[in-house]
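What follows is one structure encoded as structure tokens, with my remarks underneath.
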Amino acid sequence: MKNFEKYTKQFFTAPPTSMSWTKKTCIEKAPDWCSVDLRDGNQALIIPMSLEEKLEFFKLLVKIGFKEIEIGFPAASETEYEFCRTLIEQDLIPDDVTIQVLTQSREHIIAKTFEALKGSKSAIVHLYNSTSLAQREQVFRKSKEEIIDIAVTGAKLCKEYREKTEGNFRFEYSPESFTGTEPEFALEICNAVIDVWQPSENDKVIINLPVTVELAMPHIYANQVEYLHENLHSRENVIISLHPHNDRGCAVADTEFGLLAGGDRVEGTLFGNGERTGNVDIITLGMNMYSQGVDPKLDFSDMPALTEAYERFTRMKVNERSPYSGKLVFAAFSGSHQDAIAKGMKWREEKNCEHWTVPYLPIDPTDVGRVYETDVIRINSQSGKGGIGYILETKFGYNLPKKMREVFGYQVKDVSDHEHRELLPDEVYGIFKDNYVDLDTPVKVTEAHFKQQQGIEASVTLEYNGRKAVATDSGNGRLDAVSNALSSYLGITYSINNYTQHSLEVGSASHAVSYIEIIDSNGNSFWGTGINTDITNSSIKALVSAVNNMLKKA
């Protein structure tokens, strides 16, 4: 591409740290979660949410399990202010939930913020100012000392207004554009704020390290976080919070690395909504932990309902391939994938497995409210016999013989290919039923009676091309006798090459389902399936179905 020379590194590497985060292999417990959907997510919408929508969304976030929820910027607009007052005055905030609000380091804004929070049982006042080199030079045109003074002044004002405002308040500070700030300066300004607030065991301070703009690879952020983790004042009484954005598409990795490097808390949004490319996706983070046996302390067990609500509130769409939540993330169209999943599911059943290890599925889709038959095994022209057979077996109870499964698989794929669309499970079953099950044209057997002779003699009442007749012949068993009677009467030659059967539960009754393959004199194969409460009758129906398929091809 042209003009690449105009770009350069805008980030600063941290001074040497212990690098202990690089030796960790996983996140072992859930962080403190703070949803910023109602502030960061809302301000990124083309049409911001109404007061009623924000109230409903707040209730959803509480239901999911968030204990800290950033509700907005009360001094920014009347809607934001009224939302905060409504939550407090109507007592809509559960006792175990803390609301959070954002404020700039300006006295009239801080005053308006505390006014909005008056009477709150538990609230976090989130103070911020920009600290990056670019912001200092280009926007504020201030020195480091002047930028520190802005933060310290705001921190002092927060303490003053806390003393004279009814309610319970904690403090949070963000050096905005942390990733574009020299780590030594970020540490200096954060420590200056901490020294003003004087945190204690019962009054901890949150230091939030935002990836306001993602400028570097995730390990750079992890080193920056670890540098502050190892050098902040009163670290035992400081909660390090992470707030990554997704400009480089690495917000989840930034957060996971940052947690390994000393982070205690995460601010993010459902589905990663937020300015520009969005905030970190808390659903992906939480489900990543869940997939490795760690309880995320958030409930995403009904992902379809959660997706529907989010799309309604925000008027945005969840991408079909969005991890864990997209409509197609568990879908397998590929034949080899379908076959592996079907065999993996059978292995789980046979071995009674404690842990989930099914190929291609990092988690059990049912744990997030998805359904195997409609969400996992999806049938189109790319599908294989394994997936198609899996649909018939798990949804409809038909366990096709391996060879028949292959033949039927090609038949289904051909339909999908010609119609250029996915086939639903009921449509797959319809193709199976129409082509194999209890076929009665051009031949229909209405009765079969047997006598014990040297072998078995069968007297078969049938209809063929509108004519009724009785065909008689013998064989070494009932099915063989019927087969000989049919072939003699119809003047055709074939042999039974494959016969299997199993029980099929239909409602409260148990039926027998039989599968028969016949081979004609030219070596061509034809299949049929029969269903009946009597196993002999089901096998006769299967034979007649196979014969009808043979006659149709003649």
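Under a 4.0 Å N-O distance rule, the pair Arg265/Glu172 qualifies as a salt bridge. A salt bridge between Arg39 and Glu70 is present, with a side-chain N of the basic residue lying under 4.0 Å from a carboxylate O of the acidic one.
Counted within 6.0 Å of CD on Glu28, heavy atoms from surrounding residues, nucleotides or ligands total 12 or fewer; the atom is thus considered open. Atom NZ of Lys23 has more than 12 neighbouring heavy atoms from other residues, nucleotides or ligands inside a 6.0 Å radius. Heavy atoms from other residues, nucleotides or ligands lying under 6.0 Å from CD of Glu349 number 12 at most. Around CD of Glu201, the count of heavy atoms belonging to other residues, nucleotides or ligands within 6.0 Å does not exceed 12. The neighbour count for Gln198 CD, taken as heavy atoms of other residues, nucleotides or ligands under 6.0 Å away, is above 12. Sparse packing is recorded around NZ of Lys156, with 12 or fewer heavy atoms of other residues, nucleotides or ligands lying under 6.0 Å away. Counting non-hydrogen atoms of neighbouring residues, nucleotides and ligands closer than 6.0 angstrom, the NZ atom of Lys204 exceeds 12 such neighbours. Taking a 6.0 Å sphere around NZ of Lys63, one finds it holds 12 or fewer heavy atoms contributed by other residues, nucleotides or ligands.
Defined by atom type and a distance below 3.5 Å, a donor-acceptor pair is present between the side-chain atoms of Gln100 and Glu267. Counting only N and O atoms by type, the side chains of Ser35 and Glu68 include no donor and acceptor under 3.5 Å apart. Using modelled atom types, one finds a donor on one side chain and an acceptor on the other under 3.5 Å when comparing Ser18 with Glu230. Side-chain contact check for Trp356 and Asp367: no donor-acceptor pair (N or O, by modelled atom type) lies under 3.5 Å. There is a side-chain donor-acceptor pair under 3.5 Å between Thr284 and Asp281. For the residue pair Asp364 and Thr366, a side-chain donor N or O sits within less than 3.5 Å of a side-chain acceptor on the partner. For the residue pair Asp339 / Tyr390, no side-chain donor-acceptor distance below 3.5 Å is found, with atom types taken as modelled. With no hydrogens or angles considered, a side-chain donor-acceptor pair links Ser174 and His126 at under 3.5 Å. Glu115 and Tyr161 form no side-chain donor-acceptor contact under 3.5 Å, judged by distance and modelled atom types alone. A donor atom on one side chain and an acceptor atom on the other are not found under 3.5 Å apart for Gln135 and Ser132. Checking Tyr128 against Asn208 by side-chain atom types alone, no donor-acceptor pair falls below 3.5 Å. With hydrogens and angles left out, the side-chain atoms of Gln104 and Asn129 include no donor and acceptor closer than 3.5 Å.
Here CZ of Phe313 is found 7.5 Å from CD of Glu53. Values are rounded to the nearest 0.5 Å. Ile194 CD1 to Ser234 OG: the interatomic distance, rounded to the nearest 0.5 Å, is 6.5 Å. To the nearest 0.5 Å, atoms CG (Leu127) and CZ (Phe171) are separated by 9.0 Å. Between atom NZ of residue Lys144 and atom CG of residue Leu133 there is a gap of 8.5 Å, rounded to the nearest 0.5 Å.
Checking side-chain atoms of Asn42 against main-chain N and O of Pro48 turns up no donor-acceptor pair under 3.5 Å. Although no hydrogens or angles enter the test, the distance criterion places a donor-acceptor pair under 3.5 Å between the side chain of Thr22 and the main chain of Met19. Distance alone, capped at 3.5 Å, places no donor-acceptor pair between the Asp254 side chain and the Gly258 backbone. A donor-acceptor pair under 3.5 Å is formed between the side chain of Arg321 and the backbone N or O of Leu328. A donor-acceptor pair is defined here as one N or O able to donate and one able to accept, closer than 3.5 Å; no such pair exists between the side chain of Lys297 and the backbone of Asp32. Checked by atom type and distance alone, the side chain of Asp203 never pairs as donor or acceptor with a backbone atom of Pro199 at under 3.5 Å. Judged by distance alone, the side chain of Glu80 and the main-chain N or O of Pro74 form no donor-acceptor pair under 3.5 Å.
Residues Tyr324 and Tyr290 are not in side-chain contact: their nearest non-hydrogen atoms beyond the backbone lie 4.5 Å or more apart. Counting heavy atoms from C-beta outward, Leu270 and Leu61 have side chains that approach closer than 4.5 Å. In this structure the side chain of Arg170 reaches within 4.5 angstrom of the side chain of Ile239, judged on heavy atoms.
The minimum heavy-atom distance between Pro31 and Leu259, with the atom names listed, is CB-CD2, 3.8 Å. In terms of heavy atoms, Pro304 sits closest to Arg370 at CG-CD, 3.9 Å.
Geometrically, Lys112 does not engage Phe114 in a cation-pi contact, judged by NZ or CZ lying under 6.0 Å from the ring centre and within 45° of the ring axis. Stacking of Lys351 on the aromatic ring of Trp347 is recorded, both the 6.0 Å distance cut-off and the 45° axial limit being met.
Classified by interplanar angle (parallel below 30°, tilted 30° to 60°, perpendicular above 60°), the ring pair Phe271/Tyr310 is tilted.
When ring centroids are compared, Phe66 and Trp33 stay outside the 6.0 Å threshold.
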